[in-house]
Each structure stands twice: as C-alpha cells, then as structure tokens.
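What follows is a single structure, written as structure tokens, with notes after it.
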Amino acid sequence: MENGEKQITVIDEQGNEQLCEVLFTFESEEFNKSYVLYYPVGAENDDEDDIEIHASSFNSNENGEDGELQPIETDEEWDMIEEMLNTFLDEEEEME
C-alpha cells in the first residue's frame, strides 16, 4: 500500500460496508505483523476538528495483495501504533 493513495472497504460489526482512506501502513518486526491506519472517506471534510483514526493489523496473502484486517489484540501493540501515529503526524506538520 502506498501512503495516502489507497482506499479500503471496511465491514463493521453490523455488517455495514464503509469506504475508508488509508492514512499509512507499516510493518512491525517486534510483532511480526503489518498494520494499517485509516479513517472514513469524507471525515476530513466534516466540521469536527478531530478525525477518528482506526487501526488494524493485516497479513498479505500469497499473491502479495492485501489480506484480511484483524483487530489489534494487545496494549503493547496499541502503544506501538500510537507512537507510530504521533511520529507520522509530527512529520506531516513539519511538511506544512
């Protein structure tokens, strides 16, 4: 996945499909997983200042395409994801 250039369809617990914009992806050697951070398409145009960013882990399937999204399971993973997000947002701010 390329940063900021991909959309994914996420199915929520009620079975509703939602189109989301990928914020960025990264891999963690510590947890041996890939992660994707994303937000609902159109959220950046809402009046609210804060966009709710979601995170999931995923494994690529055999042909290199993106696999199924999996929930984040541990506090350690959440801490690592939060650190990566803060770094990403800091770098974005510096570019503006």
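Worth saying up front: this structure is predicted, and the values here are computed from it rather than measured.
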ask   = For the atom pair CE (Met84) and CD (Glu82), what is the distance rounded to the nearest 0.5 Å?
value = 13.0 Å
query = Would Leu23 and Ile51 show up in the same hydrophobic cluster when neighbours are defined by side-chain heavy atoms closer than 4.5 Å?
reply = yes
inquiry  = Could you check whether any side-chain heavy atom of Phe58 comes within less than 4.5 Å of a side-chain heavy atom of Ile8, counting everything from C-beta outward?
reply    = no
ask   = Within a radius of less than 6.0 Å around CD of Gln14, do more than 12 heavy atoms belonging to other residues, nucleotides or ligands occur?
value = yes
task = Mind jotting down which residue pairs meet the side-chain hydrogen bond (donor to acceptor under 3.5 Å, both in side chains) criterion with at least one end in residues 70-81? Sequence neighbours excluded, please.
result = Lys33-Glu77, Tyr35-Glu77, Thr74-Glu77
message = Could you report the tightest heavy-atom contact between Ile72 and Ala55, atom names first, then the distance?
response = CG1-O, 3.7 Å
Linked, directly or transitively: Phe26 and Leu89 (ILVMFWY side chains, under 4.5 Å) = yes
ask   = Closest approach of Pro71 and Ser57, non-hydrogen atoms and distance?
value = O-OG, 4.0 Å
remark   = For Lys6 and Glu21, the nearest pair of non-hydrogen atoms, with its separation, is O-OE2, 3.6 Å
inquiry  = Surrounding CG of Asn16 (heavy atoms of other residues, nucleotides or ligands, distance under 6.0 Å), is the total greater than 12?
reply    = yes
note = Interatomic distance, CG@Leu85 vs CG@Leu37, rounded to 0.5 Å, equals 5.5 Å
key: Within-4.5 Å side-chain heavy-atom neighbours: Cys20 and His54   = no
key: Ser56 to Tyr38 - nearest heavy-atom pair and separation   = OG-OH, 3.0 Å
query = Roughly how far, to the nearest 0.5 Å, is the CG atom of Asn86 from the CD1 atom of Ile81?
reply = 12.0 Å
